[in-house]
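All ligand and atom numbering here is 1-based and tracks the order in the structure. Just so you know, these numbers come straight off a predicted model, no measurement behind them.
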Amino acid sequence: MADIVETPRTPTGCEGLDRMLRGGLVDGYCTVVEGSPGTGKTTLGLQFLVEGCLRGEPGIAITFEEFPEQYYDNAEQLGWDLRKFEEQGLLKIQFSDPISFLEGLQDIDGHVADLVDGMGAKRILVDSVSHFERLTNDPGTLRRIETDLVHALKREGLTSILLKENPHVLGGWDKGDNRVAFIADALILLRYIELESEIKRGLVILKMRGSDHDKEIRQYVIKEKGLVLGEPFQGVAGLFVGTARGADKN
Ligand SMILES: Nc1ncnc2c1ncn2[C@@H]1O[C@H](COP(=O)(O)OP(=O)(O)OP(=O)(O)O)[C@@H](O)[C@H]1O
Ligand SMILES: [Mg+2]
């Protein structure tokens with residue numbers, strides 16, 4: 001039987017997360033990073049692309065954000081000169097709208113395929129797939145869009161991170177709004193956690209197909225160069241439903 005520890009990995013650039021993942025994301029996997037506003041989704045996504053640049057693995061960021069300058073500026077605040085990586089041919093930041101992006105994805109000779117062929121991209125970040133939810137009210141259509149997206153990224157041989165917004169600030173999970181989590185190979189949640197009158201941030205890996213991974217919820221902070229993971233939360237229940245309390249205080 002193949003040793004799963006030796007499955008080729010794509011390190012995320014977040015050391016603590018890579019340890020939790022047994023070395024990184026599995027090559028070719030599609031990972032959803034789901035989180036509340038401001039929890040660091042874009043930061044973790046860029047950290048993954050920058051790590052690729054540093055390893056000579058080119059990457060693409062597809063963003064539906066409306067202000068390109070702000071995207072570069074925010075990255076600069078985190079210590080990343082994205083334009084420099086673009087000049088070196090290691091990164092392409094594509095500011096798009098969801099409809100044009102999806103059109104370019106369907107076609108095997110489409111825009112994303114061109115980018116992959118042109119720059120030899122290995123990694124891709126989609127910031128964020130929540131924009132597709134605004135294109136349709138029909139769950140079947142949305143599921144088809146999301147399935148086509150994941151299949152197209154795999155067809156191109158890309159290891160991908162899809163960001164997904166969670167509208168709840170503390171805890172919660174929108175009913176019927178988690179389809180993409182089933183399609184993806186791996187699912188990571190980022191959350192604010194209210195604990196002893198403080199708001200902390202916590203990360204958990206909910207699933208990773210065909211691989212072992214750490215199951216605990218770890219604290220993290222955002223610093224220059226991205227997310228830094230700390231210790232697991234100990235002896236606390238209800239962290240991810242917004243009702244954290246000492247587990248022994250039932
Ligand atoms: N240089 C920095 N040093 C410390 N913290 C930072 C730095 N830059 C950003 N942050 C923190 O990261 C947070 C935003 O991170 P990011 O934009 O990655 O979140 P997000 O989950 O993508 O947000 P949104 O849901 O709005 O897209 C900020 O609110 C701030 O707390
Ligand atoms: Mg963001």
Side-chain angles (χ1 to χ4, degrees), residues 12-18 25 30-54 59-85 91-98 101 123-135 149 160-174 177-178 180-181 184 186-195 197-206 217-230 239-240 242:
T12 62
C14 175
E15 251 178 64
L17 177 58
D18 289 337
L25 302 173
C30 171
T31 300
V32 167
V33 174
E34 194 254 29
S36 311
T39 42
K41 300 180 293 297
T42 300
T43 304
L44 181 59
L46 289 175
Q47 200 167 348
F48 159 77
L49 290 181
V50 167
E51 179 67 13
C53 295
L54 299 174
I60 302 166
I62 306 291
T63 173
F64 307 119
E65 303 294 328
E66 286 166 38
F67 303 104
E69 279 312 311
Q70 200 175 318
Y71 214 73
Y72 289 99
D73 288 350
N74 290 347
E76 204 176 314
Q77 294 301 314
L78 289 155
W80 296 318
D81 185 348
L82 300 183
R83 284 201 176 83
K84 189 189 77 187
F85 290 126
L91 183 66
K92 175 75 191 159
I93 313 264
Q94 188 78 48
F95 295 91
S96 187
D97 66 87
F101 170 66
R123 301 175 177 222
I124 191 166
L125 166 69
V126 181
D127 188 358
S128 71
V129 292
S130 303
H131 286 76
F132 302 133
E133 290 157 21
R134 290 157 206 153
L135 296 179
L149 168 69
S160 57
I161 290 188
L162 312 183
L163 304 185
K164 180 169 160 45
E165 295 162 13
N166 182 316
H168 300 283
V169 174
L170 286 170
W173 179 283
D174 268 4
D177 187 31
N178 50 13
V180 72
L187 176 62
I188 297 172
L189 304 188
L190 304 180
R191 287 288 189 280
Y192 294 111
I193 290 168
E194 183 183 357
L195 196 60
S197 310
E198 266 189 70
I199 301 291
K200 300 176 186 284
R201 287 176 162 112
L203 176 152
V204 68
I205 302 166
L206 274 199
I217 302 168
R218 283 196 177 257
Q219 299 194 41
Y220 68 92
V221 291
I222 301 175
K223 292 186 174 175
E224 208 181 348
K225 311 285 184 196
L227 273 62
V228 178
L229 265 61
L239 284 175
F240 267 48

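- For Thr43, every N, O or S atom stays at 2.8 Å or more from the Mg ion (ligand 2).
- Residue nearest to atom 9 (C) of ligand 1, selected from Leu78, Leu163, Leu227: Leu78 (by heavy-atom distance).
- With respect to atom 14 (C) of ligand 1, the closest heavy atom belonging to the protein is Gly38 O, 3.8 Å.
- Remark: among candidates Thr39, Asn166, Thr43, the nearest residue to atom 16 (P) of ligand 1 is Thr43, based on non-hydrogen atoms.
- Side-chain contact check for Thr12 and Asp18: at least one donor-acceptor pair (N or O, by modelled atom type) lies under 3.5 Å.
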| query | Could you walk me through whether Glu51 and Lys225 pass the salt bridge (Lys or Arg N to Asp or Glu O under 4.0 Å) check? | reply | CA-CA 10 Å; Glu51 179 67 13; Lys225 311 285 184 196; over 6 Å; no
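- If you check which protein heavy atom lies closest to atom 27 (O) of ligand 1, you get Thr42 OG1, 4.1 Å.
- Classification of Arg134 and Glu165 as a salt-bridged pair holds, one side-chain N sitting under 4.0 Å from a carboxylate O.
- Heavy-atom neighbours of Glu66 CD from other residues, nucleotides or ligands within 6.0 Å: at or below the threshold of 12.
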| request: Please assess Phe95 against Tyr71 for the test side-chain contact (heavy atoms from CB on, under 4.5 Å), listing each intermediate value before the final yes or no. | output: CA-CA 10 Å; Phe95 295 91; Tyr71 214 73; 3.9 Å; yes
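- Inclusion of Arg201 in the set of residues having an N or O under 3.5 Å from an N or O of ligand 1 is warranted.
- Residues Leu91 and Cys53 share a closest heavy-atom pair of CB-SG, 4.0 Å.
- For the residues Val228, Leu46, Ile222, Leu190, the heavy atom positioned nearest atom 11 (C) of ligand 1 is part of Ile222.
- Of the protein's heavy atoms, Gly40 N, 3.1 Å lies nearest to atom 19 (O) of ligand 1.
- For the pair Arg83 and Tyr72, the cation-pi criterion (under 6.0 Å, within 45° of the ring axis) is fulfilled.
- Every atom of ligand 1 is numbered from 1 in the order shown, and the set under 4.0 Å from a heavy atom of Pro37 is 25 (O).
- Ranking the protein heavy atoms by distance from atom 1 (N) of ligand 1 puts Gln77 O, 3.0 Å first.
- Between Phe64 and His131, the angle of the ring planes lies from 30° to 60°, which puts this pair in the tilted group.
- With hydrogens left out, the protein atom closest to atom 20 (P) of ligand 1 is Lys41 N, 3.5 Å, a heavy atom.
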